[in-house]
Structures are given as C-alpha cells and as structure tokens.
Novice: 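Submitted below is the structure of interest, expressed as structure tokens.
Here is how names work: the chains are called A, B, and so on, in the same order as the sequence lines, proteins then strands, and each is numbered from 1. Predicted, not measured: the structure shown is a model, and the values here were computed from it.
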Amino acid sequence: MDDTYDPQAVETAAQTYWNDTRAYEVSEDASRPKYYCLSMFMYPSGSMHMGHVRNYTIGDVISRFQRMQGKNVLQPMGWDAFGLPAENAAIKNDTAPAKWTYANIEHMRGQLKRMGFAYDWSRELTTCKPDYYVHEQRMFVRLMKKGLAYRKASVVNWDPVDQTVLANEQVIDGRGWRTGAVVQKREIPQWFLKITDYAPELLDGLDQLPGWPDAVKTMQRHWIGRSEGLEIRFDVDGGDPLTVFTTRPDTLMGCTYLAIAAEHPLALKAAEDDAELADFLRSCKSGGVSEAEIDTQEKRGMATGFEAVHPVSGERLPVWVANFVLMGYGTGAVMCVPGHDERDREFASNYQLPVKMVVADRGVIDAIHELDQDLAAGVLADPMHAALHGGQTDAYDKASAVRVIEEFSNYIREVEAYTEHGTLVNSGPFDGMNFEQAFDAVAKRLEADGTGQRKINWRLRDWGVSRQRYWGCPIPVIYCDDCGAVPVPEDQLPVELPEDVAFSGVASPIKADPQWRKTTCPECGKPAERETDTFDTFMESSWYYARYTSPGADAQVDARAGYWLPVDQYIGGIEHAILHLLYFRFYHKLMRDAGLVACDEPTSNLLCQGMVVAETFYREDGDRTKHWINPAEVDIQRDERGRITGAVLKADGKRVEIGGVEKMSKSKNNGVDPQHMIDKYGADTVRLFSMFASPPDQSLEWNEAGVDGMARFMRRFWREVNEHAGQPDHPEIDPGALDAGQRDLRRVLHETIGKVGDDYGRRHNFNTAIAALMELLNAVSKFDDMSDQGRAVRHETLESMVLMLNPVTPHACHALWQVLGHAQSVVEDQPWPQVDKQALARDSVKLAVQVNGKLRGTIELAVDAGKDEAERLALGVPGVQPFVEGKTVRKVIVVPGKIVNIVV
RNA sequence: GCCGAAGUGGCGGAAUUGGUAGACGCAGCGGAUUCAAAAUCCGCCGCCUUUAAAAGCGUGGGGGUUCGAGUCCCCCCUUCGGCACCA
C-alpha cells in the first residue's frame, strides 16, 4: 500500500467492493435487532446540493455506527419525483416534466453513489411511477368510502391574466409572479382528508415521542391548537343568528361589535342592496390566501347595517365585515372585545368603535385596595406608591394617589388592550370574579338560556389535497351527472398520468386534453368525466418510508413492515417541522386503521438538521442592481491579525462587496457545488467537514479553508497508520507492564472510545466526536515509544481509530483496516471497540480553586483524598493568599473532582 | 401578525447535570526544513493595562436568583425557520 493518500483511488476501490458484495442490501432477520435509519428522500431538482450532502451524511454515520453495534440496519433512498419545479423547468427548457425528472434522477443517483452512502439500492422507489402511486389512489378511494375524504369549496390564489391557480410561492407581494397581475381569492371545489378527526390523537401522541425535539413537538402542539371555550349564539335583527367561538368568555360583557368574513352569507345579504359594501367585499378578494399575508395586511372593515343582540345584556351590537376574519376557519364570525384583544383594539381604533374595559389589571385593583386600607389605617402604601410613580417616593395625599391610578387606567385604556387575566369589572352579574369563576358563570348562564355551550376548538384544518396541476398523482374520481363524485373502482386503478405531453405552462395537459377525461360512470355506465386535479405532493411523502420495507408488494405494504417499522431514526430539515411531519404522522394512523401497520407512530426518533449557509459577495450596477458573485471566484483579504478587511474578484483583482452569510441559494449565487468538492478532495473529506463544522441541528457554514484542514487530518491519519504498519510485529498488551507514558495514551484512547460512542449514538454531536479523534491523533503522533509495549499500545490506538472513524470516512477506513493486516475482514462488520475500565484509572485529580467565585489557582490531589485535605491544600495555594489575607473565611465549598470555592 | 429556534475570540464552534469559558479546526503571527515554492514539522494566538510579574474585563443588551450563571428566571434587541398550494 502506497503511503500517500489518494482519495479517488481509495474511494473507487471501496465502492467497487461494496457494490460487488452487495454490502448494504438487507432482509428481515429475527435473530438480530433491526435498525431502520431514514433520511428524507430527494426531490430530483437537477443536482445534489450541500443540504443533501449534510442530511445524507448524518444518516449514513448513524447507520454505519448502528451496524457496528450489531444491528440489522436498513437505510434506503428514493425520489420524491412529483412537484411544481418540474413544471417550471418544463416551461423554461421546453421538455416534458417526466423527461426532465427521470434525467435528474439518473444524474443524482450517480452523485449519491459517489458519496459512498450505505443505501440498499434494491429498495429504491420513485413516486411518479404508477407502481408507486397506485397504492395512494387505492388508499384514497377507501378513504372516500369511509367518509374520511370529502369535497368542499375552498379558496385559492387566482391569476386573472393566466387564468390559473397559483401556489403561495408564486404570489409575490399580492401579485402573480409571471403576469404581475393582482392575485384574487377564488373558491373552487376541492378534495380534503379529515385530519381533524385525528386531532386529539395527533396531539396526545406527541407525549409518546421522547425521541423528538421539543421544538418540533411544541410547534405541532400549537399548530393543532386545542383550546377550550364557549360557542355563543348572537341573534341578528332581520338575519340568521351568528355563532362565534371564544376562549375568553370572561370578556363577553366587553364585546362591543361582531365581525364576519367577506364571504359570510350575512355579508352577502347585506351587500345585496348596498353598492358600497358590495365594492368593499370585492376589494377583500384581492391579494393572496396565505396566513402570513392576511395576518399582516392592514385591518379593514365596513359596517353591514345589521345588529346582533348581546346574549346577556340584550344590547344591540353592530355587525362588521372585516378582512381578517376567514370563512375557512370556524364559523366565519367572531365577537370583538377591543378592551382585551390587540387585533380588536386596532380595528376599533381605526373605525371609532366603542371600547369597554371589563377586566381590571391586578395592579390597579390591588393599588386601590391597599391605598384604601392604608389611608384608613393612617399608613402610607409606599411600595405601590413608588411603583406607580416610577420609583419616586415623594409625599402624596389621597387625591393625588387616586389621580395616579386614574392616569394609569386611562393609559391602559388608550394605548393598548389589556390581554391578561384579571378581576371582572363593569360586568354586571359577573363583577369581582376571576377568569375561572367568570368562565364558569358565563357558561352556565348561556347554557341555561340556550344561547351558548362549552366547546373544544381545534386550530388544525382538514388537509386540502387537490392541486390544479399536471405533474402529480391523478385523483381517482369520476364525476357523473346522475351519480355525482364516484371513486374509480379498484380494479381500474391506477389512473395513469400520461408522461409524453407537450407542456405550455398555463393549462395542465390533462385538463387541456378533452379525450383524457372522457370515461363512463362506474355505477350507471353513462358518459362521465374524470377528475383532472392531482394530489398534493405531501401525499407521496407521507408513506414512502413504509413502502421501502415492502419492495414489490402487491398491497401498499406487507408483513415485512411489521419487522422494520417504526423508523428508528428519521433525519431531515427543520423546515418540515409541521407540515410534512404532521401529514406523515396522520397518514401512518390511516394505514394503521386500515390494518397495514401495527405501531401508532411512524418514527420514534427525529433529528432536524440545520441549513447549509455560505458567505455572499456582490457588485452593484449603476442602477444599484446587485450582481451576486460565487464564493469560488473571490479572494478574501485579511489584516495581520486575521480579520477580514475586504474581498476581491480573482479574475480582475478588484474589490467586491461582502453581503453576509446566507442560506446557499441560486438567487444569492453562494452555492458550493458538492461535485466540485468531491472531485477535488474526495467524498471522505467532504463528509468529514460536513460533520465537523457544526452540530447537526445548527446551521453549517461552508468554508473551503476548513475543508483543507480536514484533508490535512486525513493525510496525517493515513501516514500515521502506514508508518505503524511498517514497524515490526508487536506482542500483546500486558497492562501490568506499561510505563506512565503508555498508560497515559491508553487512558486517552479509552476515554475517547467512550466519548465517541456516546456522541455518535446518543448525542448525535458528530463534531465533538471528530474533535476527540483529532486530539487522539495528536496524542498518538507525539507518542514516539518504539518499545514492544509501545508498539502494542500504538496498534490498539490506531486500530480503534480506524473503527471509530469508519462511520464518517468509510472509504479510507476500508483501506486502512487492510493496511493494519485484516485483509479478509469488512470493517463495517467489526464490533465497536470496548472501553477498558481499568485503562481509565487515574492516581490524582486536578481541582480549580476559587475565592468568591473567581479562579485563583489549581491544586492536584490523590483521587481518594477527603474534603479536609482539599480545603487545606486550597488555602495554601500562592495565588489564593493575597485574596484571603486579612479577611474572614466564611465558608469553603468543595465539589469533589471539580472545584474548591473559598468564600471570604 | 402568530408559532418555534439561535446569538460565545478575527471565523466555525466546545463547555453533556449550575462548577477552571474558548476543546478541536480555520485564519493569522513567529520559527524549522527547502535553491525556491508546495507539502510537512515546532511554537504563539479572547480583549485591555503592562518591560515583566500581575490585575481588570469578557458568552447580543438590561435586570435578578446563587458561594458560583454561557447554562436558571424576568424584560428587551437582532437574525433565522414555519404559517396549511415550494419541497
């Protein structure tokens, strides 16, 4: 073996070996514990980017580590092949979406193989193929029969120029991205899955997932949004009653108006003979449908002229139309309490609607109470007085104190809504009650009157799965004039999507083709039409993990799923925290209830990795347009302390501007091509850097100098192992015969074995595992003991290092394992090295010595020394003396193995 | 607007349970080797005062709890992710 490290040769040899021996193809094996490690599959966008490299390297490290723990490891890969970008590329390049997609898959599969990921390629799946999506169509028709799939009108972004539905991503500042036309809201009939039926289980199930990040569980809990409140009926003079839901029934007496959505029947009725209102309703239709857009737009409204009757006071309250009330949520009507809700306050201020405060601030109530008591007792209420005066404690009389309280109340009244819970005032029968008492009393009162009832409300909405697009799975439904929406019979599935089509970009080819949709009704046999919408692509990504377990199965999954599921470790970007990861949990429960899978949740452990970011560079035109320059074309300039002073373009040596670190993207031209890095450094070095540069859940800054550092490490490691392999044979280690230097290296080795196993297996902090291995290499390269036992300890160290680095840099380790004399063995099938507890033993420990919490020195003492000994030594430390002298030692805190703190 | 994160040297990051802040790597500085360069090896490297010794300051900002806070609590700022049709 040559002792210069040639990554391209080493990697080709290892990959050929893995391929020839089918090293990563697995089957069910009851004799070994299984481990299913899944990285989110690839959208075939064209070529692999650094986000993929990072995601898949994390999965590969975990998979290879688990295999070395003796597990039967399944790690599959596939293609999330339907989606909008294929349509955009089709328009741009004048190719069919299918052709573009398949070409990308070919290219990207090659890139994944070049990275050396330990995938079982025999299980590869592609979601745009009928043998995949047929199962999705079957599941859907079954859900229709169960009543879990239904059709209803729902609102979409409509481009009035192109006459198409736009994705939220295609709406920029309320306008269509291609036409620039102001987008309109339009209602069309669409298919929905009843995810809301599963809301309680999706919420409670989060408590059974200790292996999921808390941030993701919290986001899902808020998204599902269980809330307890009251549904209240307001009768309307001359109209149908309005029903509203509130979580704050304690503020009912402060309700001064109601607001309804622009699409609400009462609004439409009011607009019938009010042209101005009709105009306003039309204006509410402009703009996109995304919640972010609706929530941040200016709050606008108009009175309908209708009045609602307050269910307790009988007061007449105006009913307004407001653009922030959505027909799709709840009832499309809300009660407004501007005294105690920020949004209602802003709206009331804009339109001079009355504000009524009905919950008093605790502080004001207490202040009045205390003041009365204290003045009665002739004592001044100093603390409250000081608080109300902003810290001043000048003398005052009752008149001025009351004035302060009034000013404070007015301040609250005028400036902002008081949204905290408090004591009810101005609330007639409910005065003096706290939140819970008022909630109860209002509920009882309304329930008795028949005007309200307690209700649990969910923020979660049903999953709209219809897309008015071509490149997706056809929705298997037939529309018959007589029979309505009829599911396609299972023996007629799949409904295939034609792949060889001309794609103009405006209309879907299957919508434009009058022949494709023509069919007969499965129930009555009359001419009928097919649904031309396709499924949301989240449908495909909701069950692919289960299909990997059952390649070739006639059913969606078969009994093999029982062996492999649930997924033991799922890895993907945090951007999927809610949508994908919630749909995937939901779909798993649908499959469970269909008897296809046994467990309740699809994955027991989840790891969300951060983004890959890089520095950006640009130059500005005369007209201030920024031209983004790729980091590869730029040289960084530094001062003598290494601080960045500027950057120049390599091509002309002239200055470019530094634009800050951003997510790698085409628009900022700061993407680093993984292919280029692999060609230059090899896959192992790229894998090593992406694991070392930051922990997996944080963002990773790509920096080529850092990659150079990893290449240096690989060369040093390669040389160290090869030099050792050239030494004469060594005897067995004799633990009793080791000298201090040999014992020190062995202790470092065995500490490292413990740490690296914990970092890979439990913490998933690959960066600190690699740092520990770098320290170990530093230690072994300083160790120049050529004695028999010295060579034996070095051998143990290097052999363990090859095993420990194998999950991250498997190609080099495959070669080095042979260099160490194991020609016949596969490194992946070696057991993980064991920690030798005896090697960890120490004679003495070092303790930090603090005086009043500040470090003043250290002491070294025997491991078995007591606290008194530690205290005595600590007080004798020279650095401690000046800070203790002339002072009384009040206390000495000794934390064994850590610190001694002397308090003076 | 709402929900969730993050903020530590020149840079990426470490500090796992409240116990020596800055491991490891990069960049930089000094040296060795070399005809030279690359590669490699050795040393230094938070800020500030200082000849040195030593002291002070220091984990986005402001308060607090504690013998002791990057870590816990309260308030604020900034950046990032998601908001149901990007995937």
Novice: Which part of the nucleic acid, if any, lies within reach of A:Gly610 when heavy atoms closer than 4.0 Å are counted: base, sugar-phosphate only, or nothing?
Specialist: nothing

Novice: Check every strand shown and say whether A:Gln190 touches a base, only sugar-phosphate, or nothing at a heavy-atom separation below 4.0 Å.
Specialist: base

Novice: Whether A:Lys680 and A:Glu704 form a salt bridge (side-chain N of Lys/Arg under 4.0 Å from carboxylate O of Asp/Glu) is what I want to check.
Specialist: yes

Novice: Indicate whether OP1 or OP2 belonging to B:G19 is found under 4.0 Å from a side-chain N or O atom of A:Lys846.
Specialist: no

Novice: Reckon A:Ser541 touches a base, only the sugar-phosphate, or nothing at all at heavy-atom distances under 4.0 Å?
Specialist: nothing

Novice: Using both distances under 3.5 Å as the test, list the Watson-Crick or G-U wobble partner of B:A6, or none.
Specialist: B:U78

Novice: Between A:Asn767 and B:A14, is there a contact of a side-chain N or O with OP1 or OP2 at under 4.0 Å?
Specialist: yes

Novice: Applying a 3.5 Å limit to both distances, which nucleotide forms a Watson-Crick or G-U wobble pair with B:U40?
Specialist: B:A32

Novice: Taking OP1 and OP2 of B:C26, is either one under 4.0 Å from a side-chain nitrogen or oxygen of A:Arg712?
Specialist: yes

Novice: How close or far is atom P of B:C86 from atom CG of A:Leu579, stated in whole angstroms?
Specialist: 9 Å

Novice: Looking at B:C26, B:A55, B:A14, which one has an atom nearest to any side-chain atom of A:Gln698?
Specialist: B:A14

Novice: Check if the side chain of A:Arg719 and the base of B:U40 share a donor-acceptor pair of N or O atoms closer than 3.5 Å.
Specialist: no

Novice: Could you check whether A:Met611 gets within reach of a base, just the sugar-phosphate, or nothing at all, counting any heavy atom under 4.0 Å?
Specialist: sugar-phosphate

Novice: Could you tell me whether the phosphate oxygens of B:G82, OP1 or OP2, come under 4.0 Å of any side-chain nitrogen or oxygen in A:His576?
Specialist: no

Novice: Would A:Phe41 and A:Trp79 count as a close aromatic pair, with their ring centres under 6.0 Å?
Specialist: no

Novice: Categorize A:Glu775 for me: base, sugar-phosphate, or nothing, with a 4.0 angstrom heavy-atom threshold over every strand shown.
Specialist: sugar-phosphate

Novice: If you measure from the P atom in B:U8 to the same atom in B:G4, how many Å do you get, rounded?
Specialist: 22 Å

Novice: Expressed as a whole number of Å, how far does the P atom of B:A69 sit from that of B:G62?
Specialist: 15 Å

Novice: What about A:Phe347 and A:Phe324, are their ring centers closer than 6.0 Å?
Specialist: yes

Novice: Whole angstrom is fine here: how far is it from CZ in A:Phe324 over to P in B:C83?
Specialist: 23 Å

Novice: Taking the P atom in each of B:C24 and B:A14, what is the distance between them to the nearest angstrom?
Specialist: 14 Å

Novice: Would A:Lys755 and A:Asp758 pass as an ion pair if we require N to O under 4.0 Å?
Specialist: no

Novice: When rounded to the nearest Å, what value does the distance between P atoms of B:G10 and B:A23 take?
Specialist: 14 Å

Novice: May I ask which nucleotide in the shown strands pairs with B:G1, Watson-Crick or G-U wobble, both distances under 3.5 Å?
Specialist: B:C83

Novice: Check every strand shown and say whether A:Leu84 touches a base, only sugar-phosphate, or nothing at a heavy-atom separation below 4.0 Å.
Specialist: sugar-phosphate

Novice: Would A:Arg178 and A:Thr164 count as having a side-chain donor-acceptor pair, cut-off 3.5 Å?
Specialist: no

Novice: Considering just the side-chain nitrogens and oxygens of A:Asn168, establish if one lies under 4.0 Å of OP1 or OP2 belonging to B:A84.
Specialist: yes

Novice: Heavy atoms only, 4.0 Å cut-off, all strands: where does A:Val165 land among base, sugar-phosphate and nothing?
Specialist: base

Novice: Taking atom P in both B:G18 and B:A84, compute the distance separating them and give it to the nearest angstrom.
Specialist: 38 Å

Novice: Regarding A:Met774, tell me which of base, sugar-phosphate or nothing describes its non-hydrogen contacts under 4.0 Å with the strands shown.
Specialist: sugar-phosphate

Novice: Choose from B:A87, B:C41, B:G19 the nucleotide whose nearest atom is closest to any side-chain atom of A:Phe538.
Specialist: B:A87

Novice: Where the side chain of A:Pro85 is defined as all heavy atoms beyond and including C-beta, which of B:A87, B:G82, B:G13 is the nearest nucleotide?
Specialist: B:A87

Novice: Indicate, yes or no, whether a donor-acceptor pair under 3.5 Å links the base of B:A27 to the side chain of A:Arg638.
Specialist: no

Novice: Out of B:C67, B:G13, B:A87, which has the shortest distance to the side chain of A:Asp80?
Specialist: B:A87

Novice: Assert yes or no for the condition that the ring centre distance of A:Tyr570 to A:Phe584 is strictly below 6.0 Å.
Specialist: yes

Novice: Should B:C57 form a Watson-Crick or G-U wobble pair with both distances under 3.5 Å, which nucleotide is its partner?
Specialist: B:G46

Novice: Counting heavy atoms from C-beta on, name the nucleotide in B:G13, B:G25, B:U16 closest to the side chain of A:Ser694.
Specialist: B:G13

Novice: Between B:G70 and B:G19, how far apart are the two P atoms, rounded to whole Å?
Specialist: 10 Å

Novice: Does NZ or CZ of A:Arg719 lie under 6.0 Å from the centre of the six-membered ring of A:Tyr5, at an angle within 45° of the ring axis?
Specialist: no

Novice: Do the numbers put A:Lys511 on top of the ring of A:Tyr470, so that NZ or CZ is under 6.0 Å from the six-membered ring centre and no more than 45° off the axis?
Specialist: no

Novice: Just by distance, no angles: are the side chains of A:Arg856 and A:Gln881 close enough, under 3.5 Å, to form a donor-acceptor pair?
Specialist: no

Novice: Examine the side chains of A:Arg716 and A:Asn778 and answer whether a donor and an acceptor come within less than 3.5 Å of each other.
Specialist: yes

Novice: Counting side-chain heavy atoms from CB outward, which of B:A84, B:C26, B:A87 is closest to A:Glu291?
Specialist: B:A84

Novice: By the 4.0 Å heavy-atom rule, please label A:Thr296 as base, sugar-phosphate, or nothing.
Specialist: base

Novice: Please name the nucleotide paired to B:C24 by Watson-Crick or G-U wobble geometry with both distances under 3.5 Å, or report none.
Specialist: B:G12

Novice: Taking any strand in view, what nucleotide pairs with B:G70 in a Watson-Crick or G-U wobble way, both distances under 3.5 Å?
Specialist: none

Novice: Once you apply a heavy-atom cut-off of 4.0 Å, does A:Lys755 come out as touching a base, just sugar-phosphate, or nothing?
Specialist: base

Novice: Using the purine O4'-C1'-N9-C4 or pyrimidine O4'-C1'-N1-C2 torsion, is B:G22 syn (within 90° of 0) or anti?
Specialist: anti

Novice: Using OP1 and OP2 only, check whether a side-chain N or O of A:Arg345 sits under 4.0 Å from B:G1.
Specialist: no

Novice: Just to be sure I understand the rule, does A:Ala693 reach a base, reach only the sugar-phosphate, or reach nothing, if contact means heavy atoms closer than 4.0 Å?
Specialist: sugar-phosphate

Novice: Does A:Arg890 reach a base, just sugar-phosphate, or nothing at all? Heavy atoms under 4.0 Å.
Specialist: nothing

Novice: The side chain of A:Ala848 is closest to which nucleotide in this list: B:G81, B:U20, B:G12?
Specialist: B:U20

Novice: For B:U40, take OP1 and OP2 only and decide whether either is under 4.0 Å from a side-chain N or O of A:Arg715.
Specialist: yes

Novice: Would you indicate which nucleotide in B:C24, B:A84, B:G19 comes nearest to any side-chain atom of A:Asn778?
Specialist: B:C24

Novice: For nucleotides B:G22 and B:G12, find the distance between their C1' atoms and express it as a whole number of Å.
Specialist: 13 Å

Novice: Across the strands shown, which category fits A:Val156 at heavy-atom distances under 4.0 angstrom: base, sugar-phosphate, nothing?
Specialist: base

Novice: Looking across every strand, which nucleic acid part, if any, lies under 4.0 Å from A:Phe692 by heavy atom: base, sugar-phosphate, or nothing?
Specialist: base

Novice: I want to verify a distance call: between B:A15, B:A84, B:C67, whose nearest atom is closest to the A:Arg763 side chain?
Specialist: B:A15

Novice: Which of the following nucleotides, B:A87, B:A84, B:G1, is nearest to the side chain of A:Leu460?
Specialist: B:A84

Novice: Would you measure the distance from the C1' atom in B:A5 across to the matching atom in B:G9 and give it in whole Å?
Specialist: 24 Å

